[in-house]
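Just so you know, residue 1 is the first one in the sequence shown, and it goes up from there.
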Amino acid sequence: MTLRTQFRGGRGASVLAIAVSAFILPAAAQAQAATAEDDSANDIVVTGFRSSIDTSAAQKRASTSIVEVVSPEDLGKLPDLSIAESLSRLPGLATQRLDGRANVVSIRGLAPDFTTTLLNGREQVSAGNNRGVELDQYPTELLNGAVVYKTPDAKLIGQALGGTIDMKTVRPLAYGKQQVVVGLRGELNDLGRLNPDISNKGYRANFFYVDQNDDETVGWAIGYARMQSPTQEERWQAWGYPTVSDTNSTKVIGGAKPYVKSNELKRDGLMGVLELKPSDRFHTTFDGYWSKFKDEQRLRGIELPLKWSGAQLQPGYTTENGLVTSGTFNGVEAVMRNDVVHRDAEIWAIGSNNQFQANDTLSIELDLSYSKLKKVEENLEIYLGTGRGGGVGATDNLGFVQPANGGVITFKPTINYADPSLFVITDPQGWNSCGGSVPNCQDGFVNRPTIKDRLQSIRLQAVQALDGGLFDSLTVGANYSDRRKQLIDEGFVLTNKNYPNSPAVPSSYLFDPVSLDFIGIPGMVSFDSWKYYNDGNYKLTNEALWERGRYTNSYVVREKVLTGYVQANINSGNLKGNAGVQVVHTNQEADGYSAANLGSGVVARPVTDGDKYTDFLPSLNLSYEVAPQTLLRFGAARMLARARMDQLNPGVGYGFSEAKNVPGATITNSPWSGNVGNAKLRPLMADTFDIAVEKYFGRGAYISVGGFYKHLENWIYRQDSEFDFTGTPTPGNVVPTFNKGIVSQWQNGESGKVYGFEASLSLPFSTFSSALDGFGFISSASFTDSKVREGGADPIKMPGLSRWVVNGTVYYEKAGFQARASGRYRSAFLAEVAGLSLVRDRIMAASEFVVDAQIGYTFQSGSLEGLGILLQASNLTNERFMTYQNDDVRQVRDYQTYGRNFMAGITYKF
């Protein structure tokens, strides 16, 4: 009997007690497990989700390192809609959502910048400003699983402090048969069409073909995946919460930026593999991956300056526990926004792996790879208001109500925000004077950051088999990588061509009003701002003329890394593992700018700095079978995490005070000040220890419990330090009386620790009774904590660290029918979100619990054999993403709801 399934799913919220109880399964269950093992010899083939569980368990058990594994249900079919979602269900891993999608991964409480992502063992470039890879750029339909290394071995290139994710593509000769898979799914978001120019409907389509020649000496595979996926979002954002007055410490909303947001994410992915094995001694593989990623967004909302403006909080407001919960602001001058965002990214990755068996005991491997990425963003802000500049035009007497336990503040307006004759194209708040020459000139703004990332590497490795003894082989190798990453940060003020007049929006551009009912405003003026902008209605003025940050945020970082390694592989009876060391030599160099506005505009000059250093990274992994099917694992290693790219930027943003430029100036009363990067930063180093116990008791059935400890040696944070400004330009080229100053600079500093435990359980219910065959449960739970100080202050919250992460999935799969429900929970954590000018802000994110479900059927015989029908629903509870300030969940910074996404589709395999 053959069971085939075509269904996606995950692993969700669990009850930890069930996991613990598996250690004391009754003897009857153990006997049943033995029967299940015996069944593996029968002619029963399980595919689909159960096969994914079986394969993942087998790979986890066979590894000499402590790993977690995601295996495909079938060719080009992982258990979730994205590789990020699949990874987030593994013990100790958690994702942060972006526009409702799982986007980046934290491992063991360490932020994505402490994680390395590989594709077929090769480090990948990243579309973000730093090192964290945005995983939603990799279509699951083109991947054949992933391995997460929590403990490294010496031959693992790209090992990272949190962990290393190695995504895999199919190997045609190992797959061993011809297969064609096609799939098509439709998608719908239940929030509806919040903006008129972005749909709430989408689709996914994929094709995969793998085959081999008759002699099985040549194999090939090609896959293509197309996605056009909608997301809709109702988003509330607060400016902050100042005090009511200097004499009243009660806090009140400072301003708000609520809007409705619609995304259309288009992604094309192409993967190809050619595998050659002309003899038993030679094996080569060529693989290539290409992805084009286009994210189009429309954001419409009303920015409401409140306490931080000329608006006045009226007497009679109500307070609760130090926060104003309801009241009225008079004189509110709103800034209406019709914004557009375009993100375009393209990734190329190619590689060649060549293996040669020199003789019966010696094998040689040569691996070559090249990858590059270019990402261009255009973030367009278009403003409407009732008059140009502050204190001009109509104002609103705006009532507001603050929810008791945090959430969206609702308003009661007194003017019509949907009136296109009232709200015109202008600079309502006088936010910019274009360097002082053009008052109230900012009728809009456009940010245009560009990222380029290129990485090439070569690895040569030899494995020599050994006779007898503790070690069965010795691996010696070297890897050389050359990476160059560039960020160009550009921004332009938009001034309408009719300036200083404030024209109405031409009727040919107008849409019907967009509803903001979720904040109590029934409608706002909506128009095709993208077309209006492209029709040449604005003059662009480069903000770099007066804003030094456009220079100091830009950088080029170059890293040349030579890694030599030796590893002895252990295989002696019940003991397996490896012991080895990496010697890592780094040559890092970075270009940036030293910039200041000296009164007549920005003066900038290029700066270059860098360093060379060598690190030694020993590692040990041991796995001992203490009893049948029971493994005791131990891992110890010295690991590194390289500084973020923006921290390596040597840029200097400085100021010079002529009032302090007097004879006798000292370091404590210097005319110089500034913020400085540091191209000499050393990596964050850590000594790590892991221990785990794994018990396997049937096909796909196991329980694992473990703990880890990471001692961090030199946490990177900003510190005050002396900086030599000799030769730096001054206003009017005055001669400085003193050339040094105190600056805030990224530096290696304090030590700290991260520690925790993890537990996971995979439990097919057939372990207890054959009558329950097809039912099962998967769960995991992890607890992580840290203690890291920056100077003498209290311990900080580590970015990306949730103390608790819990996942679980209940499933049924048999005779072609599949159903499962999954949930994933993570407790509050320090999130990184986009701030002013697209720089990263860190702010606390509230706990969240996301629930998904799916159901499907695959025909097992007849003319429809291989046809699968499926229904999927994600974010069933419409879980919000919420961030808050001052450790008070009522002081919401962001409150985002994404709605539920429903999908229906077919898959055909032949």
Side-chain angles (χ1 to χ4, degrees), residues 1-11 35-58 70-81 140-141 144-145 170 174-186 204-212 221 223 698-701 762-767 769-778 809-822 852-873 903-910:
M1 177 181 178
T2 300
L3 303 180
R4 296 189 181 95
T5 59
Q6 299 287 332
F7 191 64
R8 300 177 183 271
R11 313 173 188 182
T35 302
E37 291 287 347
D38 293 340
D39 287 345
S40 65
N42 298 336
D43 192 23
I44 297 177
V45 179
V46 176
T47 62
F49 187 57
R50 293 168 67 187
S51 173
S52 172
I53 296 170
D54 293 352
T55 304
S56 297
V70 173
S71 296
E73 298 182 29
D74 215 325
L75 182 65
K77 188 169 182 288
L78 290 179
D80 285 282
L81 293 174
T140 58
E141 297 89 345
N144 201 49
V170 71
Y175 192 76
K177 60 181 178 180
Q178 183 189 75
Q179 193 79 75
V180 178
V181 177
V182 294
L184 180 65
R185 282 174 293 168
R204 294 181 180 220
N206 64 282
F207 168 82
F208 210 110
Y209 169 56
V210 61
D211 204 352
Q212 315 81 28
R699 187 171 188 170
S762 175
L763 185 62
F765 291 168
S766 59
T767 303
S769 170
S770 59
L772 298 176
D773 183 44
F775 291 96
F777 178 66
I778 304 172
T809 294
V810 178
Y811 65 88
Y812 175 76
E813 183 175 81
K814 192 172 183 179
F817 182 79
Q818 319 100 34
R820 60 186 182 266
S822 304
D852 307 319
Q854 17 201 338
I855 188 171
Y857 179 76
T858 301
F859 291 90
Q860 303 293 290
S861 60
S863 60
L864 296 179
E865 182 179 358
L867 177 66
I869 304 171
L870 59 118
L871 298 172
Q872 300 168 290
M903 284 148 282
I906 58 173
T907 302
Y908 185 50
K909 182 179 71 173
F910 58 93

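Of all non-hydrogen atoms in Ser71 and Ser52, the two that sit nearest each other are O-OG, 2.6 Å. Listed here is the closest heavy atom pair of Gly700 and Ala57: CA-CB, 4.3 Å. When all heavy atoms of Phe208 and Ala221 are compared, the pair lying nearest together is CE2-CB, 4.2 Å.
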Between Leu870 and Gln818, does the side-chain contact (heavy atoms from CB on, under 4.5 Å) criterion hold? Intermediate values first, please.
CA-CA 9 Å; Leu870 59 118; Gln818 319 100 34; 5.7 Å; no
Residue pair Glu141, Phe207: steps toward the side-chain contact (heavy atoms from CB on, under 4.5 Å) verdict:
CA-CA 8 Å; Glu141 297 89 345; Phe207 168 82; over 6 Å; no
Between Tyr908 and Leu864, does a side-chain contact (heavy atoms from CB on, under 4.5 Å) hold up when you go through it step by step?
CA-CA 9 Å; Tyr908 185 50; Leu864 296 179; over 6 Å; no
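By the side chain to side chain contact (heavy atoms under 4.5 Å, CB included) test, Asp852 pairs with Arg89, Arg824, Val850, Ser874, sequence neighbours left out. Residues forming a ring pair (Phe, Tyr, Trp, His ring centres under 6.0 Å) with Tyr812 (at least two apart in sequence, or on another chain): Phe775. Residues passing the ring pair (Phe, Tyr, Trp, His ring centres under 6.0 Å) test with Tyr811 are Phe49, sequence neighbours excluded. For Leu772, the side chain to side chain contact (heavy atoms under 4.5 Å, CB included) partners two or more places apart in sequence, or in a different chain, are Phe765, Ser769. Residues forming a side chain to side chain contact (heavy atoms under 4.5 Å, CB included) with Gln179 (at least two apart in sequence, or on another chain): Leu75, Tyr175, Lys177, Val181, Val210, Lys909. Considering only residues two or more places apart in sequence or on other chains, Ala701 meets the side chain to side chain contact (heavy atoms under 4.5 Å, CB included) condition with Phe697, Pro764, Thr767.
The OG atom of Ser56 lies 8.0 Å from the CD1 atom of Ile778; values are rounded to the nearest 0.5 Å. Of the inter-residue distances, the one linking Tyr857 atom OH with Leu871 atom CG reads 15.0 Å to the nearest 0.5 angstrom. Separating the CD1 atom in Ile869 from the CD1 atom in Ile855 is a distance of 11.5 Å, to the nearest 0.5 Å.
The shortest distance between side-chain heavy atoms of Glu813 and Thr858 does not fall below 4.5 Å.
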